[in-house]
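Structure first, commentary second.
For reference, positions follow the sequence shown, starting with 1.
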Amino acid sequence: MDIAGKQVQQEDALQTDAQIKELVRELLYKNMISGRKAGFNYHYTKPSPSTYPFQYFWDTCFHIFILTELGEVEMAKKHMRSLFRMQQADGFVGHMSYWERLWPARVTDLLQLKPRDVLRLYKPHMSALVQPPLAAQAVLRIYEKSHDTAFLKEMLPKLKAYYGWLATNRDFEQEGLLSIITPFESGMDWKASYDPVLKYTKGVGGPLLFWKVLQVDAHNFRMGYNLPKIYKSNRFIVKDAAFNTIYAQNLEALAHLCSLAGDDAGPRFFAQAEKTAASILKYMYDASEAAFFDLYGHHFTKLKVHTATIFFPVVLKSVPRDVCRKVLETHLFHQDGFHVQFPIPSLAIDEPAFKPGESLYIWRGPTWVVFNWFVQGFLLEKGYNDQAKELLLTVKRLIHKSGFREYYDPFTGEGHGAEDFTWSGLLVDMLNKHKEATSTGKND
């Protein structure tokens with residue numbers, strides 16, 4: 001049998017799309033939590049039953065993308081309402097909402113709360129951190145599936161306040177780029193590109209890395225999460241490429257939501273999206289390495305570590321096509337540090353910090369479904385059909401081999417980290433995107 005024949009045979013052995021969707025539906029419902037506490041109604045899905053029992057910001061948005069593709073639109077609305085239930089008057093929403101289990105997973109997570117909230121652990125509260133701001137796209141997805149104008153108008157003021165808080169409090173230099181103040185805000189906790197900022201030089205993650213990150217959180221806590229003071233101290237001021245790409249995408253989604261609701265703020269948010277995208281290209285792109293790098297400090301110093309987020313900005317419409325092509329062809333399509341059996345690894349295999357297997361220090365080598373999910377849609381849109389299909393098949397093979405796990409070994413496909421991990425359910429969205437592209441002829 002030739003190679004093509006063997007590939008077809010392997011694909012035939014995988015679960016059908018219908019089987020996968022039912023498995024994902026079962027997974028989400030098994031991890032779902034709802035209740036009422038201290039006057040708050042909450043409804044969310046735990047990313048993992050024991051490892052991640054809280055409501056997380058971007059995880060909730062992932063769950064909404066999955067639920068809507070499963071036809072569970074009303075359930076998706078409940079998740080979004082719960083996410084914004086404790087929104088503060090100034091628009092802030094924390095990266096973690098503590099509802100049912102009020103004590104954090106690690107005692108050191110107490111440092112991610114404002115000092116006053118440490119004294120209020122007995123009732124629902126939020127962390128003092130943010131996470132990649134996917135909420136506008138999540139609400140737009142709900143609207144696209146439901147055309148529920150009432151829900152749109154319910155959520156729009158909350159979204160406008162939230163993105164307004166981000167622009168006011170985290171765009172320190174008014175360049176359209178948001179800064180994170182701890183590695184945990186990126187959603188990619190121990191990301192290797194932050195090592196130079198932390199002055200961590202040992203490569204593979206270890207206890208010293210934990211201590212250095214803990215010191216950042218302790219520093220922010222001591223400052224009472226006073227953002228101007230934290231910025232002035234310049235301890236950990238990072239403009240993450242993925243975080244800001246998502247921000248630009250969501251500003252554009254918010255502009256679209258405003259237009260749908262007849263709100264005249266749309267042009268303002270669209271202009272913000274364009275400004276952010278332009279700054280990403282201006283400050284983050286490195287032509288000599290054909291990569292978009294995270295930035296550090298008041299002077300926008302490039303953190304030249306090849307993590308998987310060097311690809312993220314190619315999805316932005318204003319990034320020139322030749323730049324997109326060069327980034328993808330240099331790193332994703334050719335035999336360099338990202339060429340593995342099960343792409344896309346979270347870190348290039350030739351980086352000193354690379355470790356493919358199980359570790360407390362995640363995002364430093366293994367493959368996460370979210371990278372394939374994020375890039376696939378762009379590849380389909382731009383006609384990289386074979387590459388998009390390979391990313392889809394990779395995720396199907398990983399789940400078939402190892403189940404719904406937090407991350408996977410990029411060489412063997414062995415699953416690691418949390419079990420019954422919901423992010424892997426993003427495969428449902430990937431399946432539907434592939435089907436839509438095929439049916440409309442985009443894959444021809």
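Leu129 has its side chain out of reach of Phe57: every pair of non-hydrogen atoms, C-beta onward, lies at least 4.5 Å apart. The shortest distance between side-chain heavy atoms of Lys202 and Asp195 does not fall below 4.5 Å.
When each of Phe292, Phe374, Phe378 is checked for a ring-ring contact (aromatic ring centres under 6.0 Å, His included) with Phe312, only Phe374 meets the rule.
Donor-acceptor pairing under 3.5 Å is recorded for the side chains of Gln15 and His400. In this model, no donor atom of one side chain and acceptor atom of the other lie less than 3.5 Å apart for Asp189 and Trp363. For the residue pair Ser34/Lys78, the side-chain donor-acceptor check at 3.5 Å is not satisfied. A donor-acceptor pair shorter than 3.5 Å cannot be found between the side chains of Gln272 and Tyr163. Using modelled atom types, one finds no donor on one side chain facing an acceptor on the other under 3.5 Å when comparing Thr60 with His79. One side chain, His306 or Glu289, offers a donor N or O that lies under 3.5 Å from an acceptor on the other. In this structure, a donor-acceptor pair under 3.5 Å is present between the side chains of Tyr194 and Asp240. Checked by atom type, the side-chain pair Glu358/His416 shows a donor-acceptor distance below 3.5 Å.
Looking at Gln376, its side chain does come within 3.5 Å of a backbone N or O of Met430 through a donor-acceptor pair. A distance-only check finds a donor-acceptor pair linking the side chain of Ser402 to the backbone of Gly413 [under 3.5 Å]. Here the side chain of Ser48 pairs no donor or acceptor atom with the backbone of Asp420 at under 3.5 angstrom.
For the atom pair His331 NE2 and Ile344 CD1, the distance stands at 12.5 Å (nearest 0.5 Å).
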